[in-house]
Protein chains: 2
Amino acid sequence: MPKKALIAVGGNSLIRAGERGTIDEQLANAHATCKAIAQMIKQGWDVVITHGNGPQAGAALLRSERAAREVYTHTLDMCVATTQSEIGYILQRALESELKQLGINKLVATLPTMVEVDSSDVAFQKPSKPIGPFYSLEVAEEKKRLLGWDIVEDASRGYRRVVASPAPVNVLQFDVIRKIVDLGIITIALGGGGIPVIKKGRNEIIGSEAVIDKDRSSALLALMLDVDLFLISTDTDQVYTNYNKDSQEGIPNATADEMEELLKDGHFAPGSMGPKVESVIDFIRNGGQRAIITSYENLLEALKGKAGTHVTG
Amino acid sequence: MPKKALIAVGGNSLIRAGERGTIDEQLANAHATCKAIAQMIKQGWDVVITHGNGPQAGAALLRSERAAREVYTHTLDMCVATTQSEIGYILQRALESELKQLGINKLVATLPTMVEVDSSDVAFQKPSKPIGPFYSLEVAEEKKRLLGWDIVEDASRGYRRVVASPAPVNVLQFDVIRKIVDLGIITIALGGGGIPVIKKGRNEIIGSEAVIDKDRSSALLALMLDVDLFLISTDTDQVYTNYNKDSQEGIPNATADEMEELLKDGHFAPGSMGPKVESVIDFIRNGGQRAIITSYENLLEALKGKAGTHVTG
């Protein structure tokens with residue numbers, strides 16, 4: 001039996017610092033990540049790829065807003081939906097091309113995915129995730145008044161909408177994903193953490209104006225799929241204590257308990273490495289075998305145990 | 001063995017005349033169509049659903065253009081890609097809800113789909129499909145100069161970009177679609193006729209700034225899947241000769257040859273019923289068993305042979 005891995009790719013890894021994020025730039029960046037993933041597949045891994053969508057969803061929201069007087073508006077859940085096939089199209093082309101270059105004849109599928117959240121999640125009481133464009137105070141207050149948005153001041157750049165980031169409760173397309181994965185098809189799913197939806201009555205679901213952290217959703221799907229490895233591909237080679245300080249020190253191996261201690265001690269930035277570490281702890285605590293946090297450049301070395309941060313029970 | 005049908009749903013059927021096309025409106029319209037499809041599934045049909053995306057892709061292009069100075073631009077192939085998960089999200093929610101109301105426990109999957117076109121297709125020499133917003137002559141000429149667009153004058157409403165509408169050559173995710181369909185999963189695929197792509201060398205595909213007629217693509221996929229029925233769901237109950245004239249007459253049954261005669265005699269409007277009839281002829285001529293053109297309101301009656309236009313060999 002081939003081993004199964006879920007790889008969570010950062011949405012930021014497709015749009016690098018200083019880039020505008022043109023489709024060509026995103027495709028070139030996707031090739032870099034997919035080259036490593038294709039090698040992993042060559043080594044016999046069955047992989048499921050999930051991905052973030054931060055900059056892409058921000059762009060989608062802005063596009064919708066700028067055209068709001070002329071065409072229908074995309075709600076936030078719809079913006080997430082559109083980024084799933086946007087990024088899926090990019091990742092799938094890059095991965096298929098890299099696989100072909102290795103002579104590997106494997107099918108790839110992109111699967112738009114909804115994730116159920118709980119309307120009573122406390123996150124809805126205190127929206128905290130900034131999304132979309134920056135506004136002046138005047139415009140921000142108008143948005144608040146007219147649209148009921150929650151607004152926060154962002155350091156020096158102006159005002160921004162904040163939305164809830166509730167916990168993922170269930171991956172609604174799980175049965176489909178499992179069946180596709182069981183066919184040996186490489187699956188790109190759960191983009192942007194999944195389209196957030198809420199159950200309404202027995203037969204309906206409605207979209208939720210929220211965003212789900214993609215690493216939290218990925219940990220959930222990794223557990224549901226019972227993968228052998230949960231791998232978070234991010235922009236550092238491993239997790240560090242005292243990151244970006246003189247005393248910074250890499251963590252090659254740790255248990256979930258050890259990572260939690262470091263998390264409590266404030267070593268991992270909220271909204272950045274924090275949620276990744278939390279997701280990895282969550283995965284291990286709930287029965288996951290092994291998790292790695294590393295960059296795509298170090299992915300293959302990490303599989304040999306020579307790079308990355310490895311977290312186990 | 002359950003019988004297999006491919007149902008091509010019009011993109012316009014989600015945004016009705018006079019509607020702005022809000023997500024709520026599209027969802028309500030999707031429910032109307034999916035109610036009929038759910039009944040068809042209850043009767044034992046395995047279905048694959050394809051759909052158009054005219055108004056949605058137009059809106060996507062306009063959004064991209066309005067925000068072009070602030071965020072990266074979506075090329076036309078990317079606009080098609082985003083509408084696949086947009087409309088998939090809407091259709092899937094509506095269909096799942098309608099199936100649950102009937103107590104049917106079937107899985108549904110949306111599958112973003114690329115369709116190969118040939119770069120030497122004559123359609124690229126004379127772009128003819130109008131897309132996106134209307135422009136003044138001045139702006140249209142600027143677009144032509146700066147972006148190389150082909151522009152046409154549209155009756156009284158201004159100037160518009162025209163793009164090529166090449167023939168679909170191959171449905172690139174066909175193997176995945178077939179495997180998913182074989183699992184009994186209801187598949188929503190080939191949105192907007194598919195993302196148009198061109199093969200580049202042996203290992204790569206690139207996006208094409210074109211649109212593929214969704215009925216032509218649907219006929220191709222229907223043949224590849226060897227379905228028992230190719231059903232086009234549109235806004236008239238059946239196909240008419242002398243449509244909208246006093247002498248108009250419905251066509252309950254016809255052979256592909258008879259339909260071609262009528263097509264040649266100019267009974268079916270280009271860009272409207274024309275391509276639907278052509279696609280149906282194409283399907284039958286290439287070995288398809290049976291095709292129906294009807295509206296969602298008449299879909300169930302059409303299956304009994306009591307409504308719609310039925311085309312056979």
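Order of the sequence lines sets the chain letters (A, B, ...), proteins ahead of strands, with each chain counted from 1.
A donor-acceptor contact under 3.5 angstrom links the side chains of B:Ser218 and B:Thr50, judged on distance only. Side-chain contact annotation: B:Gln26 with B:Tyr89, donor-acceptor N/O pair under 3.5 Å absent.
Evaluation of the side chain to side chain contact (heavy atoms under 4.5 Å, CB included) rule for B:Arg69 yields no partner, not counting sequence neighbours. Judged as a ring pair (Phe, Tyr, Trp, His ring centres under 6.0 Å), and not counting sequence neighbours, B:Tyr296 has no contacts.
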Result block: side-chain N/O donor-acceptor pairs under 3.5 angstrom for residues 94-111 of chain B, not counting sequence neighbours:
| unit_1 | atom_1 | unit_2 | atom_2 | d |
| --- | --- | --- | --- | --- |
| B:Glu96 | OE2 | B:Gln92 | NE2 | 3.2 |
| B:Ser97 | OG | A:Asn203 | O | 3.2 |
| B:Ser97 | OG | B:Gln101 | NE2 | 3.4 |
| B:Glu98 | OE1 | B:Lys35 | NZ | 3.3 |
| B:Glu98 | OE2 | B:His31 | ND1 | 2.7 |
| B:Lys106 | NZ | B:Asp46 | OD1 | 3.1 |
| B:Lys106 | NZ | B:Gly184 | O | 3.4 |
| B:Thr110 | OG1 | B:Gln92 | OE1 | 2.7 |

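Heavy atoms of B:Ala60 lying under 4.5 Å from chain A are absent altogether. Contact of B:Glu70 with chain A is made through backbone and side chain together, with heavy-atom distances under 4.5 Å.
Between chain A and the residues B:Gln84, B:Lys179, B:Glu19, the largest count of heavy-atom pairs under 4.5 Å involves B:Lys179. No other option in A:Val71, A:Leu172, A:Thr113, A:Ile180 has as many heavy-atom pairs under 4.5 Å with chain B as A:Val71. Contact tally against chain A (heavy-atom pairs below 4.5 Å) for B:Ile206, B:Ile177, B:Ile15, B:Ile205: the top residue is B:Ile205.
Formation of a donor-acceptor pair under 3.5 Å by the B:Lys4 side chain with backbone atoms of B:Leu225 is found in this model. A donor-acceptor distance shorter than 3.5 angstrom exists from the side chain of B:Arg160 to the backbone of B:Gly132, with no hydrogens or angles considered.
A salt bridge is defined here as a Lys NZ or Arg NE, NH1 or NH2 lying under 4.0 Å from an Asp or Glu carboxylate O, and A:Glu116 with A:Lys199 meets this definition.
Within residues 74-83 of chain B, the residues that have a heavy atom under 4.5 Å from a heavy atom of chain A are B:His74, B:Thr75, B:Asp77, B:Met78, B:Ala81, B:Thr82, listed by number.
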